[in-house]
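Encoded as structure tokens, the structure appears first; notes follow it.
Numbering of ligands and ligand atoms starts at 1, following listing order.
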Amino acid sequence: MRRKISTILLAAALAGPLAACGGGDGDGAGGGTDDGKITLGFSQVGAESGWRTANTKSIQDSAKQAGIDLKFSDAQQKQENQIKAIRSFIQQKVDIIAFSPVVESGWDTVLKEAKDAGIPVILTDRAVDSTDTTLYKTFIGSDFVEEGKKAGDWLVNQYTTTTDPVNIVELQGTTGSAPANDRKKGFGDVIATDPKFKIIASQTGEFTRAKGKEVMEAFLKANPDIDVLYAHNDDMGLGAIEAIEGAGKKPGTDIKIITVDAVHDGMQALADGKINFIVECSPLLGPQLMDLVQKVHAGETVEPRVITKETTFTQEQAKAVLPERQY
Ligand code: GYE
């Protein structure tokens, strides 16, 4: 991170207006380190799920491949840790900061600090609710409302021939996170079109297997008549499967299960008939992120929103694609 004065002057001259608007290192296209490599500070949410593990690997592998110097920090699902990491990246004068915000609210102050230091920020995977969109350059990740809708559409199509009530329990992701808020909304909007669909219980399972199991056990005790489980990710669904089996019921048959992510263990459970439908959410954001990092660093204009392309899987489709899945 030590930089020769001549490098700074040269970089500032090259960067022109870019450098002028930031108070910090503003090294624009000049390269942030002595070895000319771009330095990227990345604050990850944690290691709560199979999705997150695959996402971390994708980011680490693709940084290496792109020759980007990655400073990686794990926030253990805590916003305060992410804020600390971002402040430390600012202090270290990294070239670019990217992070996956654990929750949507409460980022304005630290994002303003990065902006004032002239360090561009890229949001990865999850959104923030800041109204000032100049606080970040771009946001790459999935459309979580769309994912929720896909889950709802599948369910509605399963029950076209009956008017009987369909009792649904929902395992939500991390409270206040974009995927939890949006997957709930997308699903809720679709099933609201028919009053026979009833969400009889909905609680957070924090995107983890352990919590998914614990909350599903409580759901099963309180509600003898559950038809469907909608879990905001595979891991919570997998935990819930253990709870359902523990209660002497057959997951996928007695209780239909819909999840989101399509990580390996989820796809295996789908192929085995224990999950009925998975909406894909790709964790392989690394290559696209590094591409954006290089463009932003070079001062090029980037799209403000980059949406990941995704699909859905039935049990038959899971069997077909499982052997070639990367994660
Ligand atoms: O679905 C879940 C993870 O933000 C899309 O976070 C991500 C979500 C993913 O813990 O498994």
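E280 has a carboxylate O that lies under 4.0 Å from a charged side-chain N of R325, or vice versa, which qualifies the two as a salt bridge. With respect to the salt-bridge test (charged N to carboxylate O, under 4.0 angstrom), the residues K196 and D194 qualify. Between D265 and R209, at least one side-chain N (NZ, or NE/NH1/NH2) sits under 4.0 Å from a carboxylate O, which counts as a salt bridge.
Per-residue contacts place S49 under 4.0 angstrom from the following atoms of ligand 1 (heavy atoms of the residue considered): 2 (C), 3 (C), 10 (O), 11 (O). Near C281, meaning under 4.0 Å from one of its heavy atoms, ligand 1 places the atoms 5 (C). The P179 neighbourhood of ligand 1 comprises atoms 4 (O), with distances under 4.0 Å to a heavy atom of that residue. Every atom of ligand 1 with a heavy atom of F144 under 4.0 Å away is listed here by number and element: 5 (C).
Within the 4.0 Å heavy-atom cutoff, D235 does not count among the residues contacting ligand 1.
Here the heavy atom of the protein found nearest to atom 10 (O) of ligand 1 is E48 OE2, 2.4 Å. Protein heavy atom nearest atom 7 (C) of ligand 1, with residue, atom name and distance: D125 OD1, 3.3 Å. The protein atom (non-hydrogen) at minimum distance from atom 11 (O) of ligand 1 is D261 OD2, 2.6 Å.
A donor-acceptor distance shorter than 3.5 angstrom exists from the side chain of D95 to the backbone of T39, with no hydrogens or angles considered. Judged purely by atom type and a 3.5 angstrom limit, N276 has no side-chain atom pairing as donor or acceptor with the backbone of I258.
When each of Q172, K184, E170, E147 is paired with H232, the side-chain hydrogen bond (donor to acceptor under 3.5 Å, both in side chains) condition holds for E170 and for no other.
Ring orientation note: the planes of Y159 and F197 are nearly perpendicular, at an angle over 60° on the 30°/60° scale.
Among the atoms of W51, none of the N or O lies under 3.5 angstrom from an N or O of ligand 1.
When non-hydrogen atoms are compared, ligand 1 lies under 4.0 Å from the side chain of R183 (C-beta onward) but not from its backbone.
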